[in-house]
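Everything below concerns the one structure shown next.
Every number for a ligand or one of its atoms is a count from 1 in the order of the listing.
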Amino acid sequence: MIRVDHAGELGAINIYKAQLLVSTYLYKDVVPELKEMLSHEKEHFETFDNLLKIRSIRSCYALWFWAVGGFVLGLFTALMGRNAIWVCTNAIETTVLHHLSWQLSFLGNHDAEAHDAVCSIKADEEAHQNMGASRGKNAFIYKPIFIVVSGATKIAIWLSTKL
Ligand SMILES: [Fe+2]
Ligand SMILES: [Fe+2]
């Protein structure tokens with residue numbers, strides 16, 4: 001579980017890096033929010049990275065896939081417009097939060113340290129989801145982006161449990 005979360009945070013970092021790159025040129029107004037969310041994802045990554053090191057657990061074999069995949073996803077959504085950035089954030093965090101609450105219900109009875117680590121990031125992810133949901137317009141043309149991004153997130157989570 002820690003390995004999967006660790007990989008996911010690396011994906012999130014790269015999504016925001018790509019979106020920031022595009023937004024610096026095209027939509028400067030969203031840059032402060034993206035920078036703030038990127039700083040959270042870096043903290044989350046460190047949390048799980050430390051936990052893996054303390055426990056001598058290897059990281060996911062597909063870390064490069066999360067990094068590259070995240071960057072590509074961030075790039076494409078950002079190029080579709082600032083609204084697509086918010087829809088992407090909302091879609092990812094909705095999927096991630098669902099996954100985190102499932103993890104928390106298991107870890108609560110099995111692993112207090114990992115439970116605390118997951119708990120510590122949950123509030124940030126909820127704030128990201130809220131920001132995505134409130135800033136993103138809910139027009140039907142954005143529904144496919146939501147469906148594709150949340151589907152891709154689910155597949156990536158499943159894949160990293162195998163790798
Ligand atoms: Fe995160
Ligand atoms: Fe997040």
Side-chain angles (χ1 to χ4, degrees), residues 1-23 27 30-54 57 59-60 62-78 80 82-107 111 113-136 142 145-161 163:
M1 283 185 188
I2 300 164
R3 184 187 292 148
V4 171
D5 293 351
H6 176 254
E9 298 297 350
L10 186 69
I13 288 172
N14 282 281
I15 289 169
Y16 288 127
K17 275 188 180 168
Q19 291 179 338
L20 257 174
L21 184 72
V22 174
S23 300
Y27 345 102
V30 301
V31 165
E33 283 102 331
L34 291 179
K35 277 193 175 155
E36 197 195 349
M37 292 195 286
L38 175 60
S39 75
H40 295 156
E41 307 304 0
K42 284 179 175 167
E43 285 168 21
H44 302 167
F45 180 81
E46 284 304 315
T47 300
F48 293 118
D49 199 58
N50 287 333
L51 210 49
L52 287 183
K53 280 180 184 142
I54 290 166
I57 303 170
S59 55
C60 176
L63 271 188
W64 62 272
F65 169 79
W66 280 88
V68 175
F71 198 86
V72 170
L73 184 65
L75 205 58
F76 272 96
T77 47
M80 282 189 273
R82 61 162 74 62
N83 196 48
I85 291 178
W86 298 122
V87 173
C88 173
T89 298
N90 186 14
I92 290 173
E93 301 295 10
T94 301
T95 310
V96 165
L97 283 165
H98 189 77
H99 185 71
L100 293 185
S101 44
W102 171 79
Q103 285 188 334
L104 285 172
S105 64
F106 175 84
L107 292 172
D111 188 331
E113 192 182 32
H115 182 270
D116 289 351
V118 173
C119 242
S120 75
I121 70 157
K122 200 172 169 236
D124 283 342
E125 310 299 16
E126 277 164 354
H128 298 172
Q129 183 195 32
N130 285 336
M131 199 182 290
S134 60
R135 302 286 171 88
Y142 292 103
I145 301 177
F146 189 97
I147 293 165
V148 168
V149 173
S150 53
T153 309
K154 277 178 202 152
I155 291 168
I157 290 172
W158 172 80
L159 197 65
S160 45
T161 63
L163 299 167

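- A salt bridge does not link Glu9 to Lys42: none of the charged side-chain nitrogens sits closer than 4.0 Å to a carboxylate oxygen.
- Considering CG of Leu10 and CD of Glu41, their distance stands at 11.0 Å, rounded to 0.5 Å.
- Between the side chains of Gln103 and His115, no donor N or O sits under 3.5 Å from an acceptor N or O.
- Tyr27 meets the side chain to side chain contact (heavy atoms under 4.5 Å, CB included) test with Val22, Ser23, Asp29, Val30, Arg82, Ile85; sequence neighbours excluded.
- Partner of Gln129 under the side-chain contact (heavy atoms from CB on, under 4.5 Å) criterion, out of Thr89, Asn90, Ile92: Asn90 alone.
- Each protein N, O or S atom less than 2.8 Å from the Fe ion (ligand 2) was counted, giving 4.
- Checked against the Fe ion (ligand 1), the N, O or S atom of Glu9 at the shortest distance is OE1.
- Here the straight-line distance linking atom CG of Asn14 with atom CG of Leu20 works out to 11.5 Å at 0.5 Å rounding.
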